[in-house]
Amino acid sequence: MSLSIRRATADDSRRLSRLVRKSGAYRGDYAAMVDGYTVGGAYIEHHPVFVAVDGDGRVLGFYALLLDEAELDLAFVADEAQGRGVGRVLMDHMREQARAAGLGSVRVVAHPPAEEFYLRTGARRSGTVEPAGRIHWARPELRYELA
C-alpha cells in the first residue's frame, strides 16, 4: 500500500468531518460524541493537522496535535483502512512533529475502544478522565513520552 502524509488544508474539512462521523468506533452509546461533529477549516488552519493519503489521494486517516496543550486532540483511521498500519504511521509522524515543536510528551484522552491501539503504539496509561458534559463514560488518559 502506497501511503504518504501531508498537512491538511481547510479544503479537507468536509472529508475529515465525514471520516469522524462515519467511524465504526463511535456506534451505539458512543454515537452522540460524533453526531454532527465538524473538523472546521479554521481548526485545520490553526493546528497541525496531518492526513494519510493513498496513491490515489484518498484520505485514509488523520490526526490533530494541539501544540499549546501538548495533546493529541483527534486521531481517526477510516474503517476500511484499519489494520493496515495507517494509524501506526500517523502516530510515528505525530511524535516526530511533537519533538520538532519541542514537546517532551503528548497527552491523549482516548476513546475507550482505542486505548489498546495507543498502548501498542508506545503510549503509557497515566490516569482516567471522569465523565463530563455529553460524555457519560470514563476515558483513559495516556501519554507518549518523547525523550
Side-chain angles (χ1 to χ4, degrees), residues 1-123 126 129 131-137 139-146:
M1 168 181 63
S2 170
L3 182 69
S4 61
I5 307 288
R6 67 167 172 77
R7 182 82 187 244
T9 68
D11 290 341
D12 292 309
S13 174
R14 193 170 281 165
R15 268 182 293 227
L16 301 186
S17 297
R18 195 171 334 139
L19 198 155
V20 170
R21 290 182 203 154
K22 293 172 95 180
S23 174
Y26 286 88
R27 295 206 173 101
D29 291 342
Y30 300 121
M33 221 175 142
V34 296
D35 184 41
Y37 194 90
T38 300
V39 183
Y43 176 92
I44 291 169
E45 295 294 333
H46 183 72
H47 299 290
V49 179
F50 288 89
V51 296
V53 296
D54 68 9
D56 295 324
R58 285 186 301 246
V59 173
L60 302 180
F62 77 99
Y63 75 86
L65 180 62
L66 306 182
L67 294 176
D68 292 342
E69 294 87 353
E71 184 169 347
L72 180 66
D73 189 37
L74 300 168
F76 283 85
V77 173
D79 290 349
E80 65 274 10
Q82 291 186 8
R84 295 169 39 195
V86 174
R88 181 171 295 280
V89 169
L90 285 168
M91 291 305 96
D92 289 346
H93 188 272
M94 180 276 299
R95 286 194 300 271
E96 289 171 17
Q97 292 295 311
R99 275 189 203 100
L103 302 180
S105 67
V106 174
R107 177 181 185 240
V108 180
V109 178
H111 178 50
E115 180 178 13
E116 285 303 314
F117 164 76
Y118 291 115
L119 292 171
R120 281 194 316 272
T121 58
S126 58
V129 175
R134 17 181 264 186
I135 301 172
H136 305 291
W137 52 88
R139 293 170 291 157
E141 180 179 26
L142 304 108
R143 189 163 294 281
Y144 286 101
E145 296 298 335
L146 304 173

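One is the number of the first residue; the rest follow in order along the sequence.
Of the inter-residue distances, the one linking Leu90 atom CG with Leu3 atom CG reads 7.0 Å to the nearest 0.5 angstrom. Taken to the nearest 0.5 Å, the CD1 atom of Ile44 stands 9.0 Å off from the CG atom of Asp11. For the atom pair CE (Met91) and CZ (Arg88), the distance works out to 10.5 Å, reported to the nearest 0.5 Å. Taking OG1 from Thr38 and CZ from Arg18, the interatomic distance works out to 11.5 Å, rounded to the nearest 0.5 Å. Atom-to-atom distance recorded for Glu145:CD and Ser126:OG is 8.5 Å, nearest 0.5 angstrom. The CG atom of Asp12 sits 12.0 Å away from the CZ atom of Phe50 when rounded to the nearest 0.5 Å.
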Counting only pairs under 3.5 Å, give me each side-chain donor-acceptor contact of residues 60-78, with atom names and distances, residues two or more places apart or in other chains.
from	atom 1	to	atom 2	distance (Å)
Tyr63	OH	His93	ND1	2.7
Glu71	OE1	Arg107	NH1	3.2
Asp73	OD2	Tyr43	OH	2.4

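For the residue pair Ser105/Arg143, the side-chain donor-acceptor check at 3.5 Å is satisfied.
Checked by atom type and distance alone, the side chain of Glu45 pairs as donor or acceptor with a backbone atom of Ala10 at under 3.5 Å. For Asp56 (side chain) and Arg58 (main-chain N/O), no donor-acceptor pair under 3.5 Å exists by modelled atom type. Between the side chain of Arg95 and the backbone N or O of Leu146, no donor-acceptor pair lies under 3.5 Å.
By the ring pair (Phe, Tyr, Trp, His ring centres under 6.0 Å) test, Tyr30 pairs with His111, Trp137, sequence neighbours left out.
The heavy-atom pair separating Leu142 from Ala123 by the smallest distance is CB-CB, 4.0 Å. In terms of heavy atoms, Pro140 sits closest to Pro112 at CD-CA, 4.0 Å.
Residue Arg7 places its CZ atom among more than 12 non-hydrogen atoms of other residues, nucleotides or ligands, all under 6.0 Å distant.
A heavy-atom distance below 4.5 Å is not found between the side chains of Lys22 and Val34.
The one candidate from Val89, Val106, Ile5 that meets the side-chain contact (heavy atoms from CB on, under 4.5 Å) condition with Met94 is Val106.
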